[in-house]
**Student:** 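Take this structure, written in C-alpha cells, and hold onto it; I'll ask about it next.
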Amino acid sequence: MSKSNRFDPEAGKDYGRCRDCDLTLETREDAESHMHSSMQDDGRGGRASHSVSVLNPPRQARIDSEVRWAVSGALDDAVAQLERLLRDASEDEISSALSGYPDFRDAWEGFCDER
Ligand SMILES: [Zn+2]
C-alpha cells in the first residue's frame, strides 16, 4: 500500500538514544519501555522519566509530522487572509463566520487573543 520509501526509516539505524543515560534504543517500544522504567520522583513533588532523542522515527511518525506541517501552514495562511478582513469586519463577526470550521476558528481566536 505504501506509495514510496520517502518516509521510511533508515535501515539498520536505531530509533533513538536516551538523553539522560546515553542508552541506545533500537525501537520505539524500547524507548517507551525505558521511559516507563526510568520514571521516578523529580524532587519537586512530581514524577519524571528519562527523555529520549528520536533519531530515526518510524514511517508513520514522519508522515504525521509532514501532515502537521501542511495543516499548520494552511491555518497560518487562512489567519493572514482573515486578518485583512478586520478592515471591514469585527473579530466576533469573523469568528461567527468560522463556526463550521472549528480548527480555523481556534487558530483565528488564538491569533485574536494574542493581538
Ligand atoms: Zn535513560
Side-chain angles (χ1 to χ4, degrees):
M1 250 346 195
S2 300
K3 305 280 280 186
S4 82
N5 61 5
R6 176 183 163 205
F7 293 109
D8 287 351
E10 292 174 62
K13 189 174 166 186
D14 294 320
Y15 171 80
R17 179 179 301 274
C18 181
R19 286 194 200 113
D20 296 289
C21 66
D22 217 31
L23 186 69
T24 295
L25 301 155
E26 268 181 56
T27 65
R28 176 147 67 180
E29 290 70 32
D30 293 341
E32 285 166 1
S33 163
H34 181 61
M35 286 190 283
H36 185 75
S37 66
S38 62
M39 183 68 74
Q40 58 192 356
D41 292 339
D42 65 5
R44 299 185 303 263
R47 304 202 19 102
S49 68
H50 287 183
S51 67
V52 169
S53 289
V54 178
L55 306 172
N56 190 23
R59 180 179 172 88
Q60 187 62 52
R62 292 166 188 260
I63 295 170
D64 291 354
S65 158
E66 196 85 6
V67 167
R68 194 179 319 113
W69 187 83
V71 168
S72 154
L75 292 171
D76 290 346
D77 289 350
V79 167
Q81 290 189 45
L82 296 172
E83 185 180 9
R84 286 186 224 122
L85 303 183
L86 286 172
R87 283 185 294 232
D88 305 303
S90 71
E91 289 179 6
D92 287 347
E93 288 172 316
I94 295 168
S95 287
S96 174
L98 288 168
S99 64
Y101 312 96
D103 287 353
F104 288 89
R105 192 187 53 209
D106 289 349
W108 172 247
E109 290 178 352
F111 165 79
C112 292
D113 288 346
E114 288 175 16
R115 290 178 78 225

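Atoms within each ligand, like the ligands themselves, are counted from 1 in listed order. What you see below is based on every heavy atom in this structure, not just the backbone, and it leaves out hydrogens, waters and symmetry mates. Since the model is a prediction, treat every value here as computed from it, not as a measurement.
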**Student:** Is R47 close to D42 at the side-chain level, that is, under 4.5 Å between some pair of heavy atoms?
**Tutor:**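 Sidechains of R47 and D42: no contact.
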
**Student:** Taking the hydrophobic residues Ile, Leu, Val, Met, Phe, Trp and Tyr, and joining any pair whose side-chain heavy atoms are under 4.5 Å apart, which ones share a cluster with V71?
**Tutor:**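 Direct or chained contacts put V71 with F7, I63, V67, L75, V79, L82, L85, L86, I94, L98, Y101, F104, W108, F111.
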
**Student:** Strictly by ring pair (Phe, Tyr, Trp, His ring centres under 6.0 Å), give each pair with a member in residues 30-57 just once, sequence neighbours left out.
**Tutor:**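 Qualifying pairs: H34-H50.
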
**Student:** Ignoring water, what protein N, O or S atoms are under 2.8 Å from the Zn ion (ligand 1)?
**Tutor:**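 Correct list: C18 SG, C21 SG, H34 NE2, H50 ND1.
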
**Student:** Checking the side chain of S96 only, and the main-chain atoms of D92 only, is there a donor and an acceptor separated by less than 3.5 Å?
**Tutor:**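 Such a contact is absent between S96 side chain and D92 backbone.
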
**Student:** Enumerate the ring pair (Phe, Tyr, Trp, His ring centres under 6.0 Å) contacts for residues 62-83, please, sequence neighbours excluded, ordered by first and then second residue.
**Tutor:**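 Non-adjacent pairs meeting ring pair (Phe, Tyr, Trp, His ring centres under 6.0 Å): zero.
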
**Student:** A quick test of your reading: do over 12 heavy atoms of other residues, nucleotides or ligands sit less than 6.0 Å from CD of E26?
**Tutor:**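 Open: at most 12 neighbouring heavy atoms sit under 6.0 Å from CD of E26.
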
